[in-house]
4 protein chains.
Amino acid sequence: MVIVMQAHASEPEVAALIAKIESLGFTAHVSAGSERTIVGVIGDERPIEPVVFEAFPGVERVVRILAPYKLASREFHPADRVIALPNGVRLGGGQDVVVMAGPCAVESQEQLEAAAEAVHAAGVRVLRGGAFKPRTSPYSFQGLGEKGLLLLREVADRYGMAVITEVITPEDVPMVAEHAEILQIGARNMQNYKLLRAVGDADRPVVLKRGLGSTVDELLQAAEYILARGNDRVALCERGIRTFETATRFTLDINAVPVLKHATSLPVVVDPSHATGRAEFVRPVALAAVASGADGLLVEVHPNPPEALSDGAQSLTPAAFAHLMGDVGRVADAVGRGADGTDA
Amino acid sequence: MVIVMQAHASEPEVAALIAKIESLGFTAHVSAGSERTIVGVIGDERPIEPVVFEAFPGVERVVRILAPYKLASREFHPADRVIALPNGVRLGGGQDVVVMAGPCAVESQEQLEAAAEAVHAAGVRVLRGGAFKPRTSPYSFQGLGEKGLLLLREVADRYGMAVITEVITPEDVPMVAEHAEILQIGARNMQNYKLLRAVGDADRPVVLKRGLGSTVDELLQAAEYILARGNDRVALCERGIRTFETATRFTLDINAVPVLKHATSLPVVVDPSHATGRAEFVRPVALAAVASGADGLLVEVHPNPPEALSDGAQSLTPAAFAHLMGDVGRVADAVGRGADGTDA
Amino acid sequence: MVIVMQAHASEPEVAALIAKIESLGFTAHVSAGSERTIVGVIGDERPIEPVVFEAFPGVERVVRILAPYKLASREFHPADRVIALPNGVRLGGGQDVVVMAGPCAVESQEQLEAAAEAVHAAGVRVLRGGAFKPRTSPYSFQGLGEKGLLLLREVADRYGMAVITEVITPEDVPMVAEHAEILQIGARNMQNYKLLRAVGDADRPVVLKRGLGSTVDELLQAAEYILARGNDRVALCERGIRTFETATRFTLDINAVPVLKHATSLPVVVDPSHATGRAEFVRPVALAAVASGADGLLVEVHPNPPEALSDGAQSLTPAAFAHLMGDVGRVADAVGRGADGTDA
Amino acid sequence: MVIVMQAHASEPEVAALIAKIESLGFTAHVSAGSERTIVGVIGDERPIEPVVFEAFPGVERVVRILAPYKLASREFHPADRVIALPNGVRLGGGQDVVVMAGPCAVESQEQLEAAAEAVHAAGVRVLRGGAFKPRTSPYSFQGLGEKGLLLLREVADRYGMAVITEVITPEDVPMVAEHAEILQIGARNMQNYKLLRAVGDADRPVVLKRGLGSTVDELLQAAEYILARGNDRVALCERGIRTFETATRFTLDINAVPVLKHATSLPVVVDPSHATGRAEFVRPVALAAVASGADGLLVEVHPNPPEALSDGAQSLTPAAFAHLMGDVGRVADAVGRGADGTDA
């Protein structure tokens with residue numbers, strides 16, 4: 001870290017700060033500029049926070065030099081990481097773009113069956129579907145729970161698909177892990193640390209969604225919680241952030257794709273359905289994600305969107321989804337990779 | 001709700017929509033404008049979401065007429081609600097402004113004792129302190145856990161103070177409720193619905209903090225989760241939101257105080273410590289909160305901020321806090337109310 | 001518009017509102033819901049603002065039904081508009097993607113020459129370069145002024161390229177129009193209405209950049225100022241908005257591309273250089289823009305970025321740019337269109 | 001500045017950077033940390049931008065040490081600055097809080113007369129009113145122009161009030177300065193640098209409004225443009241920023257008041273009318289501003305808000321304004337200062 005002292009910081013203030021730095025096992029390096037004294041903290045600063053020094057008298061500002069995460073950084077693990085699923089799907093590392101698709105919420109055997117058939121026909125090998133649904137309103141449909149998980153498993157097995165589904169509370173992790181190949185942490189739970197630790201202890205890959213008010217740095221720190229428990233099969237998902245723009249439900253931070261690729265070797269996934277909130281915008285934004293280097297997509301598909309119990313407005317029909325898959329294949333090809341399940 | 005059809009929506013599209021509206025038990029009211037047909041949904045729309053209609057062919061946009069919460073609304077409960085604590089403190093309803101103060105995290109017996117003594121001497125009757133700390137980095141101090149709760153209880157009892165402390169997971173609710181008069185839900189957990197239901201089932205008042213990326217409407221919907229379980233002793237806490245401004249840690253949404261007062265009769269609390277992130281800005285912002293009509297404040301005080309294990313930069317010293325309390329009393333008086341524990 | 005009355009709005013309040021509506025030449029349509037009375041305003045609401053009714057006693061909220069712009073809307077002009085330049089370049093309407101490239105600021109004959117040669121060699125037919133530079137700090141390089149325009153013209157002519165350059169004040173419009181085929185309005189001037197009217201009166205196409213704190217609706221209203229003066233050769237440019245994310249200079253709102261395509265038939269351009277602020281992220285984000293349907297790109301290229309007087313960090317080298325152009329061609333091809341100047 | 005090199009930056013890269021630093025007249029100070037080399041730039045960095053170094057090979061990040069403005073900083077001018085008007089009003093420096101009030105737009109002799117009479121009766125000595133109105137839609141009322149200025153002057157003179165009014169284009173500055181004691185720069189023009197230079201050359205105090213997407217740092221850099229021309233009578237106005245919250249028109253950044261007070265000695269003014277957009281929220285937010293240390297307020301008052309041609313929803317009636325003034329006096333008193341024109 002670099003600590004900028006106030007213009008008129010006194011020598012005793014600098015001395016007290018140096019003592020603190022050294023008491024934490026770091027070396028202090030003082031540099032007197034023309035208008036400010038700057039104190040460098042030499043050592044691995046990652047485990048400490050700037051706030052440790054900010055409260056010292058005479059300190060104006062503390063600037064991190066290293067990212068606040070380690071295991072998640074590309075510096076620590078330069079080579080792209082690849083998440084391999086039992087059914088042969090490989091996510092990350094310049095492999096084919098993996099499209100994970102299915103309904104927002106599992107509603108019934110019929111609905112799930114129809115959705116699964118459609119996405120499978122379009123080439124998809126990872127079925128998404130929510131059994132536990134965190135909903136803004138207590139009066140909204142909250143999912144079928146474990147019954148939904150059983151349906152997902154049964155239908156996915158019939159098509160040889162892997163399952164990705166959300167887990168929302170630590171004690172459910174073992175049960176969800178029993179039925180799904182990939183555990184999804186939703187945006188609202190990105191900083192639910194007990195849950196992060198629980199999936200960190202599970203023997204399952206995790207797709208960690210970025211909180212809608214969270215920075216890329218915070219997303220990587222959340223991933224660090226999982227990695228620190230020994231689970232390094234983590235993919236990061238950009239799904240739109242909160243901004244002042246109201247024309248779409250959220251604003252997809254497309255910059256985040258290359259930013260993440262630069263900062264980490266973990267796979268990066270994009271969810272164009274939540275990021276836009278409207279089916280008509282899913283296709284162009286999904287293609288943008290692929291062109292920007294995303295390793296995977298999470299797409300909502302419903303056999304009959306107007307009757308969806310959740311997120312119908314952003315769900316693609318089977319026909320629209322099939323059309324999208326063709327485009328995904330072509331754009332993936334244009335940027336030098338294929339799309340899982342397509343022949344493009 | 002009001003449903004705006006697209007310019008060229010067909011008659012069958014309007015008919016299908018009307019059928020859907022009626023199937024949900026509402027009445028449809030069609031109004032043909034000069035350029036758009038508008039369909040009104042007559043009935044209590046609160047339990048349904050606009051998305052139910054957005055996916056219908058021919059629909060351009062759906063606009064809510066009523067707020068998406070009911071129990072939390074002032075319309076449902078016009079009179080200000082007052083939360084009464086066993087030690088006589090009363091929060092809300094134009095009563096004295098209640099200042100809840102103490103350290104960010106409980107670190108040790110000595111630290112807590114010193115902080116408690118200081119805030120008590122300044123007139124405070126509700127001691128704050130964190131035993132379970134959700135932290136952005138897995139390498140940061142995560143709190144003393146139950147040991148911290150025991151310390152809080154013991155010290156608070158010595159001074160006749162009530163305790164407010166954060167609970168971060170549903171299964172901890174009974175234990176925390178045993179030691180604390182008020183359960184705090186942190187910003188990161190505002191949409192942790194299982195946790196909201198758990199505190200909704202507890203026999204304790206709740207201070208619910210606004211998520212840093214959450215709207216006022218979403219805060220009120222989160223409160224609705226708690227109220228819907230039968231616990232109506234909920235106070236709402238504005239603690240700063242994420243914006244593009246980086247001069248402070250967050251941006252205190254001072255507008256939210258009167259907006260909440262207008263929308264709900266639940267008490268409103270402001271946390272100037274987290275909202276600014278810097279001790280030197282806490283006083284002016286705390287006074288602003290009181291002037292704007294806040295019923296309470298949550299203020300971080302540490303006997304020795306440079307040695308704090310968490311949030312030292314935003315913690316007031318005992319001397320600065322005592323000074324603040326005097327000002328709070330005077331501003332509270334200027335807007336026609338007192339401050340709990342002061343003689344102003 | 002739809003006007004939602006407060007729960008307890010009185011009959012005289014409704015009557016006064018209706019009188020106002022009718023005095024403005026509209027018809028009022030009253031609908032009594034179960035909990036609110038709603039008053040529809042029938043007629044072309046575009047020229048009026050909701051605020052006209054918001055101040056009336058008893059009014060809770062006013063909701064627009066139609067977009068607040070008319071000439072700029074796709075509803076008014078359904079067919080895609082194409083801007084044709086004298087040198088044969090055609091922007092918009094599903095034509096080839098047009099890449100406009102060159103240095104951020106014109107610095108010298110040599111610098112411009114080198115940049116122009118490089119972008120021309122890569123296939124570019126529209127040269128960008130700033131002669132008048134609005135800069136955040138008064139101490140930064142503010143551009144060469146008219147001398148820069150003369151250089152642009154001379155160099156562009158040598159390569160048969162058209163010129164796009166920014167105009168920052170109304171009185172400069174005629175002079176700039178003399179030297180450039182396209183007038184650019186910068187993000188900071190998106191709501192400089194006198195300037196918008198001035199370019200509306202000029203016989204030149206305009207690229208209007210979105211303000212960094214402006215919504216898509218406001219961008220379209222700004223375009224409406226230009227269209228209302230009779231100049232309908234306007235392209236809209238997404239160049240990143242202000243959000244809480246600090247990993248990049250701005251956040252490219254990729255959603256805005258399809259949103260704009262839906263709302264208007266004007267061509268849409270994306271500036272990946274300003275939107276990211278870092279050269280290493282320009283390529284993935286530029287390709288994302290093409291995949292999402294953008295009609296053109298504005299890319300900064302400098303022969304020697306470390307020596308640039310402005311925006312060096314986001315400028316591509318000639319080699320990186322040439323590489324980008326190949327990719328742009330392939331992605332454009334994948335989404336069914338070509339890229340101007342490439343053979344892909 | 002502090003320049004952080006990439007982990008594997010080479011010696012020649014560091015050497016090239018040092019050469020650049022020295023060529024600009026600075027001294028370089030190299031510090032080899034455990035994982036990064038850091039290069040300090042010693043000298044007055046204010047006139048240069050980080051971007052000058054960001055494009056160098058091997059550079060990871062550049063961090064400013066000093067604020068990017070000088071004349072506007074409290075460090076340069078520690079003592080609070082006071083703007084004295086001919087009629088005895090003094091703004092800033094712990095003087096009485098100055099309330100500037102009047103209609104958003106001057107509409108007619110009668111309207112202005114009624115507004116002026118009301119605000120004067122409540123103690124106001126600075127009349128606000130817009131003659132040139134920048135409006136989002138080209139179809140909205142754009143102000144009476146010079147005729148409005150003449151009305152303002154005439155009515156203000158009758159009451160011994162000073163006039164504050166907006167100027168929107170450089171060539172109008174002399175004319176507006178002839179009729180008004182204070183020139184206002186609107187939020188949309190905060191970065192209209194030609195206009196800033198023009199008011200910098202005028203012999204009139206300036207109230208500079210913060211752009212709705214601008215940081216506090218950018219506001220101070222905009223002020224620097226005016227100060228650099230020799231006009232040091234500049235007050236800064238917080239009027240709400242763009243955030244994701246839609247319950248109010250903008251989000252008042254109350255933190256900005258103490259942040260500005262810390263960073264600069266220029267007076268700070270708050271506009272609660274634009275910051276909230278609704279009359280019912282103006283009072284609490286205005287009082288918050290006073291409690292937080294604002295030196296002045298800009299408040300919209302209209303004799304008949306429902307008939308206002310602009311911003312009626314946020315305009316106070318004369319009665320509501322008189323009530324506000326009493327409260328402002330009391331809160332100002334509570335924080336140790338008076339309110340201009342009140343006896344509190």
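Note on naming: letters A, B, ... go to the chains in the order of the sequence lines (proteins, then strands), and numbering restarts at 1 for each one. All heavy atoms count here, side chains included; hydrogens, waters and symmetry mates do not. Every value quoted in this text rests on a predicted model; they were computed, and no experiment measured them.
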Chain C interface, residue from [options] that has the most non-hydrogen pairs under 4.5 Å:
options                                : result
A/Val257, A/Val331, A/Asp327, A/Ile241 : A/Ile241
A/Leu252, A/Asp253, A/Val290           : A/Leu252
A/Ser214, A/Gly293, A/Ala247, A/Ala289 : A/Ser214

Heavy-atom proximity to chain A below 4.5 Å, by part of [X]:
X        : value
C/Thr248 : side chain
C/Glu218 : neither
C/Val259 : both
C/Thr243 : side chain
C/Thr246 : neither

Worksheet, complete the sentence: Given the options A/Lys209, A/Lys261, A/Arg210, A/Glu238 meets salt bridge (charged side-chain N to carboxylate O under 4.0 Å, His left out) only with A/Arg210

Practice prompt. For the residue pair A/Thr276 and A/Arg283, confirm or rule out a side-chain donor-acceptor distance under 3.5 Å.
Written response: no

Worksheet entry | Engaged part of A/Thr215 at the chain C interface, taking heavy atoms whose separation is under 4.5 Å | both

Discussion item. Quick check with a 6.0 Å cut-off and a 45 degree axis cone: is C/Arg239 positioned over the face of C/Phe250's six-membered ring?
Written reply: yes

Item to complete: May I ask you to say whether C/Arg337 pairs ionically with C/Asp295, meaning some side-chain N is under 4.0 Å from a carboxylate O?
Response: yes

Discussion item. Checking the side chain of C/Arg249 only, and the main-chain atoms of C/Gly277 only, is there a donor and an acceptor separated by less than 3.5 Å?
Written reply: no

Practice prompt. With a 4.5 Å cut-off on heavy-atom pairs, point out which of C/Ala332, C/Ala334, C/Ala294, C/Gly336 contacts chain A the most.
Written response: C/Ala334

Fill in: Derivation of the side-chain hydrogen bond (donor to acceptor under 3.5 Å, both in side chains) call for C/Arg278 and C/Ser273
CA-CA 7 Å; C/Arg278 286 174 60 180; C/Ser273 305; over 6 Å; no

Worksheet item: If you measure from CG on A/Leu266 to CG on A/Leu227, what distance do you get to the nearest 0.5 Å?
Response: 5.5 Å

